[in-house]
There are 2 protein chains.
Amino acid sequence: MALTLYWGSGSPFSWRVQLALEHKGLEYESQLLHFDKQEHQSPQMLKLNPRGRVPVLKDGDYVVFESVAILYFLDLKYPQQPIFGSSPEEAGVIMRVICEFQAYAEPSLIKITSAVFAGKVADGIEELTDAMHVVAREARTIEGRLSKEPWIVGTGYSATDMVIFPWIQLLRRALDRPAAAELGARFLPMERNYPALARWIGRIEALPGYERTYPPHWRHT
Amino acid sequence: MALTLYWGSGSPFSWRVQLALEHKGLEYESQLLHFDKQEHQSPQMLKLNPRGRVPVLKDGDYVVFESVAILYFLDLKYPQQPIFGSSPEEAGVIMRVICEFQAYAEPSLIKITSAVFAGKVADGIEELTDAMHVVAREARTIEGRLSKEPWIVGTGYSATDMVIFPWIQLLRRALDRPAAAELGARFLPMERNYPALARWIGRIEALPGYERTYPPHWRHT
């Protein structure tokens, strides 16, 4: 098998690539690394990515990391089922919304989910509340898009959906924790507060191969 | 003229796009917006980009913003003088190094340059010193690449160079201020501390059309 993906369970960055590989129907060798055993920082992994981060994709002898770069490489190398649209104009919007998400939503999402999973919500509640306002504003924009179209950009499932979806799932999981009840009060349940986003989540969950991408440790905890 | 670029003098994000347009030899209408007059937040500009940020590129009726998305669009629409390489593998590395720069260097660069130009170095000297350590580490990695090859990725001038160069120029300008002397002590002069980076800067400065991209207000102050 030519493709090998090194990934971590629950890593939103890894999940993006898994969604792309399934969508393109590409077979790949799955190398699940255990964060708790520091497997992503093993000498072997540091040789592939000196930053010791996942996901890392190997294609034969070629190595690429950083999730958006992996999506971009995959789409150029395996153009079936394109994920960056079918024209320069559509590709530009797909990449633009990805860049916006990374610049304006991701820092707040990292702040919130890190604090919740580290059990440190109370310590930084003011900063986290501000971060939730940012996230809610960005989610409102995406809600607006999804209330008109089934996918975030254009007419098909694209890299934009793949980049954003895992973060929404991770955020929901974080806000479901009792300690995050106050933070999540205006976000959850999504069916009420963000109905178009909730339907979009259902749409992705129903895609073929989705179950294979679901973080294995989330099934038990 | 089909292409119009809305940009701001000294905006590293704008500068990237100007470098790409010059490299590709594309004619464009240049719309310089004055930040001090809030021209980037005018009703007309907010219609193009609701975030009120530059650069914004118009190509006929099509509008795209976020600098990396603009570079990506330009390369798909105007493939002459490619800036994302000539193979999926090369493209993947170009995008990977851009993503790494955005994730690991840019937040610290924003912190340092904002503080210096706002005259607030003393207030946050500890945090800024940490940020300089991060920047120095990332610069060291790029120095390593440039000590072997004339361009950061692959054999040609690419989007990676265009993304990183304006930030290095802005950083040098910031660290040249007397208030930043301590922060910049181990960075400047670049000729001594980062000789390969300094030569790379000279190489870009010598490119045809470079002078047209130079921030106009930097000539006087």
Side-chain angles (χ1 to χ4, degrees), chain A residues 13 16-17 48-53 55-79 82 84-107 110 137-138 140-141 144-145 153 159-160 163, chain B residues 13 16-17 48-53 55-79 82 84-107 110 137-138 140-141 144-145 153 159-160 163:
Chain A
F13 307 106
R16 295 168 173 175
V17 179
L48 299 180
N49 177 357
R51 297 190 193 269
R53 304 234 174 173
V56 174
L57 183 80
K58 270 190 76 176
D59 186 352
D61 288 336
Y62 177 74
V63 176
V64 58
F65 47 90
E66 292 294 317
S67 60
V68 172
I70 298 175
L71 297 182
Y72 175 56
F73 164 75
L74 279 175
D75 206 42
L76 288 169
K77 183 80 183 274
Y78 305 99
F84 282 94
S86 53
S87 69
E89 286 76 11
E90 203 184 342
V93 181
I94 288 169
M95 191 62 88
R96 180 203 107 200
V97 181
I98 289 174
C99 291
E100 290 188 275
F101 181 79
Q102 292 183 305
Y104 306 113
E106 215 164 72
I110 291 172
R137 191 176 60 222
E138 297 297 324
R140 189 59 56 201
T141 304
R145 290 177 157 267
V153 178
T160 306
V163 163
Chain B
F13 307 106
R16 294 169 174 175
V17 179
L48 299 180
N49 177 358
R51 298 189 192 271
R53 303 232 175 176
V56 174
L57 182 81
K58 269 191 76 177
D59 185 352
D61 289 336
Y62 176 75
V63 177
V64 58
F65 46 90
E66 293 292 319
S67 59
V68 173
I70 298 176
L71 297 182
Y72 176 56
F73 164 75
L74 278 174
D75 206 43
L76 288 169
K77 183 81 183 275
Y78 305 99
F84 282 95
S86 54
S87 69
E89 286 75 13
E90 203 184 341
V93 181
I94 288 169
M95 190 63 87
R96 180 203 106 199
V97 180
I98 290 174
C99 290
E100 290 188 274
F101 182 79
Q102 291 183 306
Y104 307 113
E106 215 165 71
I110 291 173
R137 192 176 58 222
E138 296 297 325
R140 191 57 57 201
T141 303
R145 289 177 159 268
V153 178
T160 305
V163 163

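So that the names make sense, note that chain A is the first sequence line, chain B the second, and so on, each numbered from 1. All values reported here derive from a predicted model rather than from experimental measurement.
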Original post:
chain A: which of E89(B), K77(B), E90(B) shares the most heavy-atom pairs with it under 4.5 Å?
Top reply: E89(B)
**OP:** Go through A69(B), P88(B), C99(B) and name the one with the most non-hydrogen pairs under 4.5 angstrom from chain A.
**Re:** P88(B)
Original post:
So which of F73(A), F65(A), F84(A) has the largest heavy-atom pair count under 4.5 angstrom toward chain B?
Top reply: F65(A)
Subject >> Heavy-atom contact with chain B under 4.5 Å, split by part of Y72(A) >> reply: side chain
**OP:** Drop me the distance from N49(A)'s CG to R96(B)'s CZ, to the nearest 0.5 angstrom.
**Re:** 7.5 Å
Original post:
Below 4.5 Å, heavy atoms only, C-beta onward: do E66(A) and M95(B) meet side chain to side chain?
Top reply: no
